[in-house]
Amino acid sequence: MTPPGHIDGARVLAWAWSALPFGHVAGDAGAAPVAIHGLALCQYADENSVYRFSCDAQWDCVQDERYASVDEARAQLPAQYRAVAASWHAT
């Protein structure tokens, strides 16, 4: 599933999607873990940093991490998101 052009106000530079979750993020206190189906590398207009957004099945950002570049963000994908290999697509 293709992501929107922007997530949380940041432009999507590259993305990966999987019908099977890449992994899970702990839910709020007592809530079930959230399945991560979308990974998006994004950049805000006023920043040089790149963010990896971990998204649910509707491309809602559940967790993010800041990186110096797109290459660094791809290379440092956390182990928790390696249940399925990410196949990246440029926008």
Side-chain angles (χ1 to χ4, degrees):
M1 177 160 71
T2 305
H6 289 76
I7 298 174
D8 287 351
R11 184 172 56 95
V12 176
L13 305 173
W15 59 276
W17 173 263
S18 177
L20 297 173
F22 290 109
H24 294 80
V25 172
D28 293 332
V34 178
I36 301 301
H37 291 274
L39 299 170
L41 305 181
C42 302
Q43 189 171 45
Y44 291 100
D46 59 345
E47 290 191 39
N48 291 326
S49 298
V50 172
Y51 291 82
R52 186 239 329 121
F53 289 163
S54 303
C55 302
D56 65 13
Q58 288 75 41
W59 288 105
D60 291 324
C61 181
V62 177
Q63 188 178 62
D64 66 58
E65 185 68 35
R66 186 176 178 177
Y67 298 93
S69 69
V70 168
D71 290 338
E72 181 181 295
R74 285 183 187 176
Q76 294 187 20
L77 190 63
Q80 76 189 72
Y81 299 135
R82 294 184 186 163
V84 175
S87 177
W88 293 98
H89 306 274
T91 56

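Residues: numbered from 1 along the sequence shown.
- At a threshold of 4.5 Å between side-chain heavy atoms, the hydrophobic network of Ile, Leu, Val, Met, Phe, Trp and Tyr places V84 and V34 in one connected group.
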Sequence neighbours excluded and cut-off under 3.5 Å, please list the side-chain donor-acceptor pairs for residues 13-26, or say none.
from: S18; atom 1: OG; to: L20; atom 2: N; distance (Å): 3.2
from: S18; atom 1: OG; to: L20; atom 2: O; distance (Å): 2.5

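- Contact annotation: the side chain of E72 never approaches that of V50 to less than 4.5 Å [non-hydrogen atoms, C-beta and beyond].
- Judged as a side chain to side chain donor-acceptor pair (under 3.5 Å), the pairs with a partner in residues 81-91 (not counting sequence neighbours) are, in order, S54-Y81, Q63-Y81.
- Atoms CZ and OH, on R11 and Y51 in that order, are 14.5 Å from each other to the nearest 0.5 Å.
- To the nearest 0.5 angstrom, I7 atom CD1 is 4.5 Å from C42 atom SG.
- Of the inter-residue distances, the one linking Y67 atom OH with L41 atom CG reads 9.0 Å to the nearest 0.5 angstrom.
- Note: M1 CE to Q58 CD = 6.5 Å, rounded to the nearest 0.5 Å.
- When all heavy atoms of R52 and L39 are compared, the pair lying nearest together is CD-CD2, 4.2 Å.
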- prompt: Would R66 and E47 count as a side-chain contact (heavy atoms from CB on, under 4.5 Å) if you check the C-alpha gap in whole Å, the side-chain angles of each, and the deciding distance to 0.1 Å?
  reply: CA-CA 11 Å; R66 186 176 178 177; E47 290 191 39; 3.9 Å; yes

